[in-house]
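These numbers were taken from a predicted model, which means no experiment stands behind them. The chains referred to below are lettered A, B, ... by the order of the sequence lines, with proteins before strands, and numbering in each begins at 1.
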2 protein chains.
Amino acid sequence: MGAEGHADGTVGKALDVLDMVASHGRPVRFSDLLAQSDYPKATLYRLLQTLTHQGMLALDPDQGTYALGVRLVRLAHAAWAQSSLAPIARPYLDELAAKTGETIHLAQMDLGQVLYVDKRNAARPVEMFAQAGKVGPAYCTGVGKAMLAWATPEALEQALARQSFYRHTDHTLDTPEKLLAELQAIRARGHAFDREEHERGIICCAVPILTRSGRVLGALSVTSTTARTTLAALEDQAGLTKDIAARIAAEAESWRFPEQN
Amino acid sequence: MGAEGHADGTVGKALDVLDMVASHGRPVRFSDLLAQSDYPKATLYRLLQTLTHQGMLALDPDQGTYALGVRLVRLAHAAWAQSSLAPIARPYLDELAAKTGETIHLAQMDLGQVLYVDKRNAARPVEMFAQAGKVGPAYCTGVGKAMLAWATPEALEQALARQSFYRHTDHTLDTPEKLLAELQAIRARGHAFDREEHERGIICCAVPILTRSGRVLGALSVTSTTARTTLAALEDQAGLTKDIAARIAAEAESWRFPEQN
DNA sequence: CCGTTTGGTTCCATTATTTGAAACTTAGTC
DNA sequence: GACTAAGTTTCAAATAATGGAACCAAACGG
């Protein structure tokens with residue numbers, strides 16, 4: 001994973017190591033990390049030691065393996081409650097889920113990837129990969145495209161560079177050109193579709209969550225299956241979804257910056 | 001919160017800043033952080049910049065406020081799935097909750113504090129970070145005492161130094177001496193009680209989760225209220241709880257280190 | 001039983017990064 | 001249009017990170 005760009009300073013390297021540990025699904029030995037990284041032995045060793053001492057990693061003394069530490073969980077609890085839209089959006093998601101009866105996703109953008117921060121399952125739950133905290137691709141999901149469509153040129157460029165354009169299904173937009181054309185259509189239309197571009201049989205209609213100043217905060221989607229409904233039927237809900245998105249945005253702005261106005 | 005002890009190196013300071021941002025429940029301005037920290041202006045500024053650049057913090061360009069970044073949520077997802085006992089323990093917690101009908105807590109130790117990593121409420125279903133990720137004191141909770149009772153001497157010493165011994169209720173063990181005596185009794189007995197030591201009316205019976213080598217992985221508790229039941233009744237469940245704890249430990253060992261033996 | 005490999009830890013002189021007082025630039029006030 | 005508060009940049013000195021190499025310990029092999 002030398003894909004890390006410019007690791008600024010020691011902090012960047014330390015976080016890089018953190019990601020490295022996270023990328024394995026299980027505790028890793030020192031030598032595994034050493035093989036994977038470009039850092040010299042002593043450097044990596046001290047980074048691990050520091051992170052462990054700080055509680056960001058946990059060293060299993062029996063096996064000599066490193067795992068992500070509990071301090072991270074604690075920080076994340078705060079991050080989820082504070083930085084994400086999830087706590088603000090919760091009642092609105094409930095409302096949208098109740099009114100549509102479909103699966104709802106709330107997502108935010110994280111370095112070119114879609115991060116699902118909350119979710120409501122339909123009464124008959126649609127089995128999907130997405131769960132709170134999980135990440136997914138931006139170029140082939142409704143929420144991803146909705147956010148890209150309203151992203152700043154710089155953010156869009158950065159995000160594009162990070163897309164794999166892997167062809168998940170026949171419908172996947174598998175080149176930057178196709179995606180850019182689609183983004184324009186989405187802007188014109190006001191909402192994005194997922195036409196089975198990521199998973200066969202899964203469709204959705206997604207809208208961006210925008211501040212008054214036009215900045216993208218996240219996206220909201222109503223998801224279903226081709227077996228249950230059609231894109232046209234989902235599009236009928238677009239108005240309602242946009243309304244909910246607007247209310248989330250309004251509350252986010254007033255809640256996070258209550259002193260303004 | 002200058003309570004941070006020895007911040008080793010730049011990484012320590014950066015994480016310290018991260019905690020500082022987390023401690024406010026909402027986005028903070030640079031000057032707020034400056035006032036709170038001992039770091040000089042330029043130092044703090046660059047730390048914030050680095051963390052922001054790394055995605056650990058998010059700078060709201062409109063308001064100039066810092067919030068915890070989404071990268072943390074992503075890392076946490078991995079941490080929760082990997083470092084904590086929660087995913088392994090899930091079915092066992094379900095079983096224990098079903099058999100006892102009481103509230104169940106799964107906790108781990110984090111630098112002298114109890115970190116709740118999963119929970120079953122008597123009725124409601126669970127969500128991810130929503131419930132997990134909270135912290136509590138070690139010296140006056142069942143799970144905390146259960147873990148301390150089997151902690152290594154070094155870990156115990158470190159943990160003791162971090163306890164506040166604040167007298168939450170009449171029953172709180174408010175000195176290290178009382179606590180140490182209690183820990184001995186707990187070791188002898190095999191399980192810990194919370195006799196309304198943290199909250200009036202709340203009682204529980206907790207057991208440690210131990211590896212074969214005797215290392216503490218976490219603790220498990222069955223919690224109720226004095227209105228609903230008694231300590232003696234809870235103690236009747238201790239056998240079942242210990243059994244569940246043993247099964248969690250066994251699975252944790254075989255799952256996390258499948259190559260051994 | 002001893003030589004060897006493997007995996008992990010420590011040393012230390014060199015190097016590069018961090019530091020922080022102060023100067024500077026905005027943006028907002030009166 | 002001076003005055004203030006909030007944020008950003010500079011630069012020499014101080015400090016911390018670096019990494020090659022040496023070291024240690026435990027497991028391995030003959």
| request: Would you check, one step at a time, whether the test side-chain hydrogen bond (donor to acceptor under 3.5 Å, both in side chains) holds for A:Glu251 with A:Tyr92? | output: CA-CA 10 Å; A:Glu251 180 148 343; A:Tyr92 300 105; 2.6 Å; yes
| message | What is the separation between atom CG on A:Leu44 and atom P on C:dT10, rounded to the nearest whole Å? | response | 14 Å
| query | A:Phe30 CZ to D:dA25 P: how many Å, rounded? | reply | 18 Å
| note | When rounded to whole Å, the CZ to P distance for the pair A:Arg29 and D:dA26 reads 17 Å
| field | Whole angstrom value for the distance that separates P of D:dG7 from CG of B:Leu59 | value | 10 Å
| task | Measure from CG on B:Leu34 to C1' on C:dT19 and round the result to the nearest Å. | result | 15 Å
| query | Any donor and acceptor pair, going by atom type alone, linking the side chain of B:Gln108 with main-chain N or O of B:Leu85 inside 3.5 Å? | reply | yes
| Measuring from B:Leu68:CG to B:Met56:CE, what's the distance to the nearest 0.5 Å? | 8.5 Å
| request: Examine C:dG8: is either OP1 or OP2 under 4.0 Å from a nitrogen or oxygen in the side chain of A:Tyr45? Give yes or no. | output: no
| Heavy-atom check, side chain of A:Thr10 versus side chain of A:Thr50, under 4.5 Å | no
| note | Closest non-hydrogen contact found for A:Tyr45 with A:Phe30 is CA-CE1, 3.7 Å
| field | Any donor-acceptor pair under 3.5 Å from B:Gln163 side chain to B:Tyr139 backbone | value | yes
| task | Specify the separation, in whole Å, of atom CG of B:Leu48 and atom C1' of C:dT18. | result | 15 Å
| field | Under 4.0 Å protein heavy-atom contact, by nucleotide of nucleotides 16-22 of chain D - B base, S sugar-phosphate only | value | -SBBB--
